[in-house]
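Residue numbers begin at 1 in each chain, while the letters A, B, ... track the order of the sequences.
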Amino acid sequence: MSEDVHLSQICMDFGSFRAVNNVEVTIKPGEFFSFLGPSGCGKTTILRLISGFMEPTQGAVKIGGKDMKGIRPNARPTALIFQNLALFPLMPVWENITFGLEVRGVSKEIRRAKAEELLQLVDLHDSADKRVSQLSGGQKQRVAIARALAVEPKVMLLDEPLSALDLKLRQHMRAELRAIQKRTGVTFIYITHDQGEALAMSDRVGVMSQGVLQQVATPQEIYNNPVNGFVASFVGENNVIAGKVTSVSGGMAQFETAKGSFQAKLGAAVGMGDEAKLFVRPEFCSLRPANEAKVNSIPVEVTEIAFEGNFVNVFVRDQAGDTHMVQVQNDPSVPPPAPHTACQMVFNPESCMILSEAATSRHGH
Amino acid sequence: MQELIRRYGISLSVMMAAMTAFWLLALVVIPNLVLFKFSFRLYLPVDQLGGPNDVYTLKNYVTFFNSPIHINVFFLTILYSSLVTIICLAITYPLAYILAKVLKPTDTATFFLVLLIPLWVSEILRSFAWFIILSMQGPLNAILTGIGLIDKPIRWISGFQSVVIGLVYAYILFMLFPIYNAIQALDTNQIEASQDLGASTWRTHWRVVIPHAKPGIASGCVMVFMLCAGSVVVPTTLASTNSRWFTEIIQQWMFEGLDWNVGSAYAFLLLALCILFVSLVMRVLNVRLVDIAK
């Protein structure tokens, strides 16, 4: 039913611009895998390389162990869901869904039955004879999914298909997509710049920047143990302090900065004496009374409080004038300190990391 | 109109409206109405005008239906105009697709310029150019014999050959532009989606590109067909001994026979029968007029 996708040392050049640089990853059969990155990071290029609209300059795309070189998009076991869905406006819904079967010469009766079956699967009843223009955004989404599923692809490729939907619908469709993926067992490769989407839906996430795959890991791993500064700052919020590693013991290190000395986990690719940055998530920070001496603390003054509902963002300023953010749960019995309160921002050595900049090597030309 | 006044002021707006009205009324509607009236009157000596013989009659129209030769020429005109339309379509569809979807937009501009420049030369000169190209001792025969494709020169200007070639050349761009515009407006993702779902190139064109381009194709076909059927310059310049065009008969009635009455009756017959033919074809191909107007 599903196949693995192996991107073997893939490079893609557009003229002198290297859009994808030496990407090596194996996506397991039946996995929900997301490529996450800012626009221009090369993730859409990867999708087009897998679907066959482009051939890599170097390296190979292998689906189910088979090299896809020279195989055109219409002969690959993949189905692509476009960002704008690209439904055929001149065909009714059911013809849209079974277009892939029509081109394979399947009879009209079988196609019609298949369309009804797929409409059930994507939870869209009584729409077979509607025109595409009569559907809402979410319904179009479902038709696009059904159309891709109709050709029984081994691998489903999704190019930010939720980006045009409003927030509520987007969250609903996330769960829906995930459920359809589980039900069908097809390998899903999902492209997005939305970290929430990637973390919520995926089995594994590949974070990309400037054509380079920075980290491939489970969502938890990506969030809790980013390999470098790019991954840390692209996925989630951080307070960042620059400094230098002065001593290393086990996985922990002592980090000297202009704001004081800190203990933190030592990230990969950082060693003794390196200039690096300390990353700590706002929800791992807390505020303590000013006189309470603590490990990993910075004297600060509260500047602003932003109430977000289930949590509260407290913005604080240290003595150097830099702003940090502390996120606390909303708890009416323990209100956050008022603005202008002097206090200390503290964080646990286990919940902060010393990381280097992103791997941006675009050499190899 | 209010928008027009707000933008250009009252005097300029009135002038523009007046000029459009003048063009429509004085140069299109009134002359046609006059000819329409002519077509129901008899061609009489001056002294009989206003006399008992000066009556409204269908006699001029009957003349056509009593003349097998003219009916024959009419059908040949329709036939060869249709042929020209089909040839134009066959040439321009792939060209329009390449211009709209394959070439880079920067290259497209150059191509359009190259295509448009010949249009700046008048139709009569372009027809003469083809007369020279196609003549027995002309460049085409010289090239074809030169590269050994043919042994002896071909008589190109015979039958309707040269007229068809000339008409294709004269009106092909009227086919290209509407089709180009229609294909240009098609979302490229639709073409890719079709391929991704397994469709062959041919299938993608048949099910996705052509249905989308249908209004453009229809509008191009109607335009080329009507221009061909109404063309005078090309069929006269590139005429052979046995190629007669219906417009030439109208011209003969008017300028050789000096009988404007029968001439205008023939002209209106041509118009009416062409409209009828086009509507029939549109009905068969399931194209509506509103699609074309888009």
Side-chain angles (χ1 to χ4, degrees), chain A residues 14-15 44 47-54 68 71-92 95-106 111 118 132 140 143-161 164, chain B residues 93-94 96-98 100-107 178-221 282-294:
Chain A
F14 296 108
T44 299
L47 207 65
R48 293 181 71 79
L49 289 169
I50 300 172
S51 58
F53 289 109
M54 290 177 185
M68 288 288 123
I71 299 177
R72 287 168 40 93
N74 56 11
R76 292 195 183 193
T78 57
L80 176 58
I81 296 181
F82 289 79
Q83 190 164 9
N84 68 353
L85 306 180
L87 297 176
F88 305 121
L90 300 175
M91 299 178 201
E95 276 187 33
N96 257 285
I97 291 174
T98 56
F99 182 80
L101 303 176
E102 182 194 320
V103 304
R104 286 166 176 76
V106 175
R111 278 190 282 134
L118 284 161
V132 173
K140 283 181 187 160
V143 173
I145 294 164
R147 184 175 74 172
L149 285 172
V151 298
E152 291 175 4
K154 302 278 189 283
V155 179
M156 185 88 111
L157 307 165
L158 302 97
D159 186 6
E160 308 204 24
Chain B
Y93 177 80
Y97 182 79
I98 290 167
K101 291 292 168 202
V102 181
L103 286 183
K104 290 196 208 88
T106 43
D107 297 338
I179 299 180
Y180 168 80
N181 282 335
I183 296 178
Q184 169 81 19
L186 174 67
D187 174 13
T188 307
N189 279 353
Q190 301 232 331
I191 299 168
E192 290 192 341
S194 166
Q195 288 171 354
D196 187 64
L197 291 167
S200 60
T201 307
W202 185 87
R203 194 82 182 204
T204 300
H205 279 277
W206 183 247
R207 284 293 271 145
V208 179
V209 187
I210 293 178
H212 180 88
K214 201 160 127 184
I217 292 171
S219 130
C221 286
M282 273 167 60
R283 172 68 62 83
V284 170
L285 299 179
N286 196 17
V287 186
R288 287 166 309 151
L289 203 63
V290 282
D291 293 335
I292 295 178
K294 267 191 255 179

Chain B contacts, top residue of A/P89, A/A148, A/S51 (heavy-atom pairs, under 4.5 Å): A/P89

For chain B, which of A/R72, A/R104, A/E102 has the most heavy-atom pairs under 4.5 Å? A/E102

Tell me, for [X] versus chain B, whether the close heavy atoms (under 4.5 Å) come from the side chain, the backbone, both or neither.
| X | answer |
| --- | --- |
| A/L80 | both |
| A/F88 | both |
| A/L157 | neither |
| A/Q83 | neither |
| A/A75 | neither |

I'd like to know whether A/V103 forms a side chain to side chain contact (heavy atoms under 4.5 Å, CB included) with B/L197, so could you lay out the CA-CA distance, the side-chain angles of the two residues, the decisive distance to 0.1 Å, and finally the verdict. CA-CA 8 Å; A/V103 304; B/L197 291 167; 5.6 Å; no

How long is the span from the OG1 atom in B/T188 to the CG atom in A/N84, to the nearest 0.5 Å? 10.0 Å

Would B/D196 and A/N74 count as having a side-chain donor-acceptor pair, cut-off 3.5 Å? no

Between B/E192 and A/F53, is there a donor-acceptor pair closer than 3.5 Å when you use the side chain of the first and the backbone of the second? no

Looking only at heavy atoms, what is the nearest atom pair of B/A193 and A/R147, with distance? CB-NH2, 3.6 Å

What verdict does the side chain to side chain contact (heavy atoms under 4.5 Å, CB included) test give for A/R76 and B/Q195, after you've listed the backbone C-alpha separation in whole Å, the side-chain angles of each residue and the deciding distance to 0.1 Å? CA-CA 10 Å; A/R76 292 195 183 193; B/Q195 288 171 354; over 6 Å; no

